[in-house]
Amino acid sequence: MRILIVEDQPKMASFIKKGLVAQGYMVDISETGMGAESMTVETEYDLVVLDVNLPDQNGMDTARHLRRDGFRRPILMLTALATTKDKIHGLDAGADDYLTKPFEFEELLAQIGRA
C-alpha cells in the first residue's frame with residue numbers, strides 16, 4: 001500500500017512515515033496541499049493522510065480539490081481540529097475518516113487498515 005502523508009510539521013511527518021514504513025507501507029510526504037494535489041496526479045496512492053492546517057491552503061480545500069479532480073481512494077484527515085463541527089466539515093469536504101491529534105499510533109494503524 002502506498003500512502004501520501006500531507007503534513008507541514010517535519011517532526012510529525014517523519015514520525016508518521018517512520019512508523020508506517022516499519023509496518024511495510026510505502027510512504028511519501030508533501031508539506032503543502034497544492035503539492036499533494038500534484039503528487040496524486042503523478043503517483044497512484046492507496047490512501048492520503050491529510051492535515052487540515054497547511055501553509056498554502058486549508059486541508060479541507062485540498063480534500064475537495066482531490067475529489068473534484070477524480071481521486072477516489074480514501075482520505076483520512078489527521079488534525080488537531082477536534083470539535084464535532086470540524087469533523088463534519090472534514091467529512092463533507094471528502095474525507096472518509098477523521099482522526100484527531102494527539103493520537104495513538106495504533107489507532108492510526110487501525111484506521112489505515114480499514115482503508
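All heavy atoms count here, side chains included; hydrogens, waters and symmetry mates do not. Just so you know, these numbers come straight off a predicted model, no measurement behind them.
- Partners of Asp96 under the salt bridge (charged side-chain N to carboxylate O under 4.0 Å, His left out) rule, at least two apart in sequence or in another chain, are Arg67.
- Every residue was checked against the side-chain hydrogen bond (donor to acceptor under 3.5 Å, both in side chains) condition with Tyr25, not counting sequence neighbours, and none meets it.
- Met1 places none of its side-chain heavy atoms less than 4.5 Å from the side chain of Met26.
- With respect to the salt-bridge test (charged N to carboxylate O, under 4.0 angstrom), the residues Asp46 and Arg2 do not qualify.
- When the side-chain hydrogen bond (donor to acceptor under 3.5 Å, both in side chains) test is applied to Glu42, no partner is found at least two apart in sequence or on another chain.
- In this structure, CG in Asp28 is found 10.0 Å from CD1 in Ile3, a value given to the nearest 0.5 Å.
- Residues satisfying the side-chain hydrogen bond (donor to acceptor under 3.5 Å, both in side chains) criterion with His89, sequence neighbours excluded, are absent altogether.
- When the side chain to side chain contact (heavy atoms under 4.5 Å, CB included) test is applied to Arg68, the partners found at least two apart in sequence or on another chain are His65.
- Scored by the side chain to side chain contact (heavy atoms under 4.5 Å, CB included) test, Ser14 finds no partners at all (sequence neighbours excluded).
- With sequence neighbours excluded, the residues satisfying salt bridge (charged side-chain N to carboxylate O under 4.0 Å, His left out) with Asp61 are Arg64.
- To the nearest 0.5 angstrom, Leu47 atom CG is 9.0 Å from Leu20 atom CG.
- Every side chain to side chain contact (heavy atoms under 4.5 Å, CB included) that Met12 has, sequence neighbours left out, goes to Glu7, Gln9, Phe15, Ile16, Lys101, Phe103.
- Through direct or indirect side-chain contacts shorter than 4.5 Å among Ile, Leu, Val, Met, Phe, Trp and Tyr, Leu81 is connected to Leu4, Val6, Met39, Tyr45, Val48, Leu50, Val52, Leu54, Met60, Leu66, Phe71, Ile75, Met77, Tyr98.
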Given Asp86 and Thr83, is the side-chain contact (heavy atoms from CB on, under 4.5 Å) satisfied, shown in steps? CA-CA 5 Å; Asp86 293 324; Thr83 68; 2.8 Å; yes

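- A distance of 12.5 Å separates CD1 of Ile29 from OG1 of Thr32, quoted to the nearest 0.5 Å.
- Hydrophobic clustering (ILVMFWY, side-chain heavy atoms < 4.5 Å, transitive): Ile5 and Val21 are in one cluster.
- In this structure Pro102 satisfies the side chain to side chain contact (heavy atoms under 4.5 Å, CB included) test with no other residue, sequence neighbours excluded.
- Remark: Asp8 engages no residue in a side-chain hydrogen bond (donor to acceptor under 3.5 Å, both in side chains) (not counting sequence neighbours).
- Closest approach of Glu31 to Pro55, counting heavy atoms only: O-CD, 3.5 Å.
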With a cut-off of 3.5 Å and sequence neighbours excluded, list every side-chain donor-acceptor pair involving residues 105-115.
from   : atom 1 : to     : atom 2 : distance (Å)
Gln111 : OE1    : Arg114 : NH1    : 3.1
Arg114 : NH1    : Asp97  : OD2    : 2.8

